[in-house]
Every structure is written in C-alpha cells, then in structure tokens.
Amino acid sequence: MMLEKRLYNPLFLLLALILCVTIIFYVFRKKPERILAYKLHSSNSSYTYPIHNLPKDDYNRLIDLNFTFKIINYPCNDSNPPLLLVLVHTSPDNHVKRSTIRDTWGKNDNEVKVLFVIGDTNNTSTQNQVLEENLQYGDLIQGDYMDAYRNMTYKHVMILKYAIYHCPLAKYILKTDDDVFVHIRGMKHFLSNNLSLLGASNVLFCTTREHTIALRSYRSKWRVTFKEFPDKYYPTYCPGWNLLYSPDVIFNLYEEAQQADYFWIDDVHITGILAKKLNIVHTNIQPLVVSSQNLYYIEKSYNITQPFLYGPYNLNENTIRTLWKYANTHPTPNYTGWEDFN
Ligand SMILES: *[C@@H]1O[C@H](CO)[C@@H](O)[C@H](O)[C@H]1NC(C)=O
Ligand SMILES: *[C@@H]1O[C@H](CO)[C@@H](O)[C@H](O)[C@H]1NC(C)=O
Ligand SMILES: *[C@@H]1O[C@H](CO)[C@@H](O)[C@H](O)[C@H]1NC(C)=O
Ligand SMILES: *[C@@H]1O[C@H](CO)[C@@H](O)[C@H](O)[C@H]1NC(C)=O
Ligand SMILES: *[C@@H]1O[C@H](CO)[C@@H](O)[C@H](O)[C@H]1NC(C)=O
Ligand SMILES: *[C@@H]1O[C@H](CO)[C@@H](O)[C@H](O)[C@H]1NC(C)=O
Ligand SMILES: *[C@@H]1O[C@H](CO)[C@@H](O)[C@H](O)[C@H]1NC(C)=O
Ligand SMILES: *[C@@H]1O[C@H](CO)[C@@H](O)[C@H](O)[C@H]1NC(C)=O
Ligand SMILES: *[C@@H]1O[C@H](CO)[C@@H](O)[C@H](O)[C@H]1NC(C)=O
C-alpha cells in the first residue's frame with residue numbers, strides 16, 4: 001500500500017524521468033572528438049630555438065650554478081639533421097650499463113644520435129675510467145656539478161641545454177635512463193610514420209603519472225618536505241625514463257627551469273610542475289611499453305602481438321639483451337591505434 005502510494009508521487013515520477021533521460025543521453029551521446037595535445041608539422045619550415053630570448057650568460061649557467069661541460073661531444077655537427085637525439089641519464093660509475101646499451105640499441109647512425117650524460121665525480125679512478133671510455137667511444141657528456149641523487153634536476157636541465165645549443169636540428173629528443181630498452185627501429189618507424197619526418201610540436205610523450213602523493217615518510221627515498229613541495233599530490237608528470245620531447249617543449253621547459261627554484265625530483269619538477277605552469281599537455285604512451293606478461297613471453301621465446309617502443313623500466317643487462325634480440329628478429333610493428341588510449 002505504502003509503496004504504491006509512493007510510486008504515484010509526482011516527485012518520484014519526475015526523478016524517474018530524469019534518470020531515464022540521463023541514461024538514454026549517456027548511452028547515445030556522441031563521442032567527443034579526440035583532441036590531441038601534439039601537432040604534426042605539415043611543411044618543412046623547421047622549428048628554430050629562440051636562443052636570443054635567453055640571457056647572455058645563459059650557456060654558463062645551470063639554474064643557480066655556474067656551469068661548464070667538462071666533457072662534450074658534437075655528433076650533430078657532422079651529418080644531416082638527425083631525426084632523434086637520445087640522451088641517456090647515467091652516473092659516472094655505470095660503465096657496464098653504458099656498454100650494454102652501446103652493444104644493443106644505443107648505436108649511432110645518420111638518423112639517431114645517442115649520448116650518455118653524467119655529472120662530476122671526485123673519485124679520481126672513476127674519472128680516469130670515464131675519460132678513457134670517452135676516448136674510446138666519444139659519446140659522453142659530463143657537467144661540472146657533482147653527480148648526486150639530489151642533483152638530478154641539474155642533469156635534466158643540462159640535457160635540455162645540450163639539445164638546444166648543440167643539437168638544434170634534431171626533430172625529436174628522447175631522454176631516458178641506463179636501465180631501459182628502446183626499440184630504436186620501431187621508434188624510427190613510429191616517428192616517421194605515425195608522427196612526422198618534418199617534426200612536430202607540443203610533444204611530451206611518456207607513461208604519465210597522475211595523482212601521485214608526495215611522500216613524507218622519513219623511511220622513503222623520495223621523501224620531500226612541505227617546504228620543498230607543499231601540496232598533497234604532484235601534478236600529472238612523466239617518469240624520467242621514457243620522455244619524448246619536441247624541440248618547442250624542450251625550449252619552453254628549459255627557459256622556465258633556468259629561472260625556477262630548484263626542486264630535486266627532476267621528472268616531477270620539469271614535466272609536472274613546470275609543464276603545468278606552461279600548459280604543456282602530456283600524451284600517455286603506456287600502451288607502447290611491453291607489459292610484464294609480454295616480457296615473460298618474450299623471455300620464454302614466444303611471439304607477442306603488442307607493438308612496443310620500450311621495455312619496462314628498471315631492466316637488468318640480460319633482459320635488455322633479450323629484448324634487443326627479439327626486436328632484431330621480428331618485423332617492425334605498426335603502431336596502429338595507440339592514440340585511442342588518450
Ligand atoms: C626538408 O628539409 C630537409 C633539409 O633541411 C631535406 O633533407 C628534406 O628532404 C626536406 N623534406 C621535404 C619533405 O621537403
Ligand atoms: C659564478 O661566477 C661568478 C664570476 O664568474 C661569481 O661572481 C659568482 O659568485 C659565481 N656563482 C656561484 C654560484 O658560484
Ligand atoms: C666527494 O667530496 C665530498 C665533499 O666535497 C665528500 O662529502 C664525498 O664523500 C666525496 N666523495 C667521494 C666518493 O670521495
Ligand atoms: C672510487 O671508485 C672505485 C670504483 O670505480 C671504487 O672501487 C673506490 O672505492 C672509489 N674510491 C673512493 C675513495 O670512494
Ligand atoms: C650538487 O652539485 C653541487 C655543485 O657541484 C654541489 O655543490 C653539491 O654538493 C651537490 N649536491 C649533492 C647533494 O651532492
Ligand atoms: C660543433 O658545433 C659547436 C657549436 O654547437 C661548436 O662549438 C664546436 O666547435 C663544433 N665541433 C666540431 C667538432 O665541429
Ligand atoms: C615468431 O616470429 C618469427 C619472426 O617473425 C617467426 O619466424 C616465427 O615463426 C614465429 N614463431 C611462432 C611460434 O609463431
Ligand atoms: C605494417 O603496415 C604495412 C603497410 O602500412 C604492411 O605492409 C606491413 O605488413 C605491416 N606490418 C605488420 C607487422 O603488420
Ligand atoms: C602508424 O603507421 C602505420 C604505417 O606505417 C599505419 O598502418 C598505422 O595506421 C599508423 N597508426 C596510426 C595510429 O596512425
């Protein structure tokens with residue numbers, strides 16, 4: 001009795017009607033057109049870094065430090081403009097990791113230039129080894145600030161500086177780490193077919209991280225004080241191991257980073273805090289990272305169908321070699337539909 005009465009209540013009928021309309025609207029709504037953050041260049045007028053906008057002493061300044069390169073190489077001087085400049089964040093001691101990358105995916109050719117980026121060390125035996133390594137391979141860049149955990153942001157900004165001053169014609173710039181696998185042949189295919197040989201703008205491609213809580217525990221390696229970062233969550237940012245940039249993004253972030261207060265978590269600072277300030281939008285390429293399930297299949301010598309640009313992060317030498325072998329013995333994937341995830 002009570003229920004029946006309620007069913008005829010006009011308010012109830014109105015609510016039911018609103019609910020129905022909402023459901024119908026939701027089900028049959030037109031999907032919004034996908035808005036892509038990046039823009040492909042359609043003509044050959046390449047981007048030129050507006051270096052004249054920077055202060056006169058900019059080259060010898062790194063945020064709040066006086067700066068020079070202790071070791072530098074210029075692979076971009078002597079060839080056609082490269083499609084891709086790869087800058088690998090590594091530390092002076094990591095000779096073995098660098099040699100694994102040189103043996104596998106990190107080879108220089110006309111289209112791709114790979115360089116390893118380190119800071120300074122006060123261990124003379126390490127430094128001698130670094131100098132010897134550079135004599136042999138000519139692919140190191142060393143800044144004169146101390147290579148230290150809390151100095152990572154100096155390294156990241158030095159990478160941006162190098163791209164701007166010493167490889168200004170590279171169409172794309174990849175910042176990665178020394179424990180990463182990059183499917184270079186796939187990357188060339190992706191950049192030239194799915195992006196553009198003519199370059200692009202607004203490219204900040206990575207495996208985006210959203211709603212990451214700033215850690216406050218004293219036990220955490222990533223602990224930050226409220227003075228360093230006052231908010232609860234970091235803005236959306238890119239973890240530093242698979243950062244694909246276009247030159248315009250490099251320049252805008254660099255210009256901002258040179259003036260901003262120092263914050264030591266480089267990827268949060270540059271691709272999160274500063275990118276947000278400049279309204280630079282991230283494009284998530286998580287679907288192009290080998291899933292852990294597929295990594296397992298590859299290690300078991302099965303074939304996978306997932307097209308990929310990167311292995312998972314934090315790889316050991318053997319896994320990098322396994323992925324390299326796999327990439328070399330399988331056709332270049334077509335990166336169809338990767339944008340649909342955004
Ligand atoms: C664009 O310019 C480069 C030289 O800067 C040239 O090698 C390339 O062929 C040009 N591409 C097109 C499509 O015109
Ligand atoms: C940088 O060098 C200038 C002189 O070249 C000096 O006056 C200044 O104190 C130095 N700054 C730092 C942070 O070392
Ligand atoms: C390098 O020098 C700093 C002081 O300048 C010192 O604290 C640190 O222990 C030294 N590191 C090594 C590896 O000697
Ligand atoms: C310097 O580095 C070497 C390894 O490259 C290490 O064996 C040695 O203990 C280090 N020396 C100091 C003083 O830290
Ligand atoms: C970072 O580098 C600067 C410049 O070389 C140095 O003074 C400072 O001690 C380094 N920071 C750490 C944590 O080692
Ligand atoms: C390469 O170009 C830079 C300017 O970016 C210049 O300072 C350097 O001397 C050149 N090096 C070589 C080997 O040509
Ligand atoms: C895996 O792929 C390779 C290279 O395309 C091919 O030669 C091989 O037959 C494939 N194996 C299986 C089990 O499909
Ligand atoms: C990729 O696409 C090209 C045509 O665009 C096709 O010829 C090729 O077979 C495709 N490769 C794979 C692995 O699907
Ligand atoms: C990527 O390029 C290949 C051709 O190389 C094409 O088959 C595929 O549809 C492209 N994917 C996207 C999302 O543009």
Side-chain angles (χ1 to χ4, degrees), residues 46-74 76 85-91 115-120 140-170 172-177 201-206 224 227-231 234-241 243-282:
S46 53
Y47 174 87
T48 311
Y49 289 113
I51 289 178
H52 57 270
N53 287 351
L54 299 170
K56 269 206 190 68
D57 65 343
D58 176 78
Y59 186 77
N60 289 111
R61 207 162 50 76
L62 190 62
I63 312 176
D64 52 359
L65 299 176
N66 288 332
F67 172 81
T68 53
F69 290 105
K70 273 188 90 163
I71 298 176
I72 190 161
N73 287 283
Y74 305 103
C76 300
L85 170 67
V86 184
L87 294 163
V88 184
H89 184 130
T90 170
S91 68
L115 288 160
F116 296 95
V117 186
I118 60 178
D120 204 357
L140 291 180
I141 293 171
Q142 184 175 41
D144 65 351
Y145 60 87
M146 277 295 150
D147 199 290
Y149 191 56
R150 295 221 159 215
N151 274 350
M152 290 182 301
T153 293
Y154 289 122
K155 192 176 288 182
H156 200 142
V157 177
M158 179 172 80
I159 282 171
L160 306 179
K161 185 193 281 291
Y162 181 88
I164 291 168
Y165 284 98
H166 298 301
C167 199
L169 297 180
Y172 302 94
I173 297 94
L174 174 66
K175 181 206 170 280
T176 186
D177 290 343
S201 53
N202 298 331
V203 171
L204 180 52
F205 284 15
C206 68
V224 297
K227 194 162 167 267
E228 287 173 322
F229 184 81
D231 299 345
Y234 291 131
T236 299
Y237 74 96
C238 292
W241 64 275
L243 259 168
L244 185 68
Y245 285 122
S246 57
D248 57 311
V249 172
I250 291 256
F251 188 83
N252 294 337
L253 289 175
Y254 174 77
E255 196 177 22
E256 194 67 33
Q258 283 283 69
Q259 295 162 27
D261 288 342
Y262 191 87
F263 178 55
W264 61 278
I265 305 183
D266 66 306
D267 43 17
V268 169
H269 180 59
I270 292 168
T271 70
I273 298 166
L274 302 184
K276 185 178 174 193
K277 199 169 164 197
L278 296 167
N279 288 321
I280 297 170
V281 178
H282 314 77

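FYI, side chains are in, hydrogens and waters are out, and symmetry mates aren't considered; it's all heavy atoms of this structure.
Between Ser246 and Asp248 the shortest heavy-atom distance is OG-OD1, 2.6 Å. The two atoms that bring Thr68 and Asn60 nearest to each other are CG2-ND2, 3.4 Å, heavy atoms only. Nearest heavy atom pair, residue Ile63 against residue Ala260, reads CG2-O, 3.8 Å. In terms of heavy atoms, Val157 sits closest to Leu62 at CG1-CD1, 3.8 Å. Smallest separation of non-hydrogen atoms from Asp147 and Ser91: OD1-CB, 3.7 Å. Nearest heavy atoms, Gly272 versus Pro235: C-CG, 3.7 Å.
Distance CG/Leu115 to OH/Tyr162: 4.5 Å, rounded to 0.5 Å. Atom CD of Glu255 sits about 13.5 Å away from atom CD1 of Ile250, to the nearest 0.5 Å. Expressed to the nearest 0.5 Å, how far CD of Glu256 lies from CG of Leu160 amounts to 12.0 Å. To the nearest 0.5 Å, atom CG of residue Leu169 and atom OH of residue Tyr49 are 9.0 Å apart. To the nearest 0.5 Å, atom NE2 of residue His166 and atom CG of residue Leu85 are 11.5 Å apart. One distance of note links OG1 of Thr271 with CG of Leu253; it measures 8.0 Å at 0.5 Å rounding.
Side-chain contact between Ile270 and Lys175: absent, with no pair of heavy atoms (C-beta onward) separated by less than 4.5 Å. The closest side-chain heavy-atom distance from Ile173 to Pro247 is below 4.5 Å. Residues Val268 and Ile273 are in side-chain contact: their nearest non-hydrogen atoms beyond the backbone lie under 4.5 Å apart. Side chains of Asn66 and Asp144 form no contact here, defined as non-hydrogen atoms less than 4.5 Å apart. Side-chain contact between Tyr262 and Asn151 is present, with at least one heavy-atom pair separated by less than 4.5 Å. Residues Ile280 and Asn202 are not in side-chain contact: their nearest non-hydrogen atoms beyond the backbone lie 4.5 Å or more apart. Proximity of Leu204 to Tyr245: side-chain heavy atoms (C-beta onward) are separated by under 4.5 Å at one or more points. Using a 4.5 Å heavy-atom cutoff, the side chains of Thr153 and Phe263 are not in contact.
Defined by atom type and a distance below 3.5 Å, a donor-acceptor pair is missing between the side-chain atoms of Asp267 and Tyr234. Of the N and O atoms on the side chains of Tyr154 and Asp64, at least one donor lies less than 3.5 Å from an acceptor on the other residue. The closest side-chain donor-acceptor pair between Asp58 and Gln258 falls under 3.5 angstrom.
The aromatic rings of Phe67 and Phe69 sit perpendicular, their planes meeting at an angle over 60°, well past the 30° parallel limit. Ring geometry for Tyr254 versus Tyr165: interplanar angle over 60°, hence perpendicular rather than tilted (30 to 60°).
Side chain of Lys161 to backbone of Arg61: a donor-acceptor contact under 3.5 angstrom is found. Here the side chain of Thr176 pairs a donor or acceptor atom with the backbone of Trp241 at under 3.5 angstrom. Between the His282 side chain and the Thr236 main chain, a donor and an acceptor come within less than 3.5 Å of each other. Side chain of Lys155 to backbone of Ile118: no donor-acceptor contact under 3.5 angstrom is found.
Checked options Ile159, Leu87, Ile71, Asn73; the residue passing with Ile141 is Leu87 (criterion: side chain to side chain contact (heavy atoms under 4.5 Å, CB included)).
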Determine, stepwise, if the pair Val203 / Val249 fulfils side chain to side chain contact (heavy atoms under 4.5 Å, CB included).
CA-CA 7 Å; Val203 171; Val249 172; 5.5 Å; no
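Heavy atoms of other residues, nucleotides or ligands lying less than 6.0 angstrom from CG of Asp57 number more than 12.
Between Phe229 and His269, the ring centre distance reaches or exceeds 6.0 Å.
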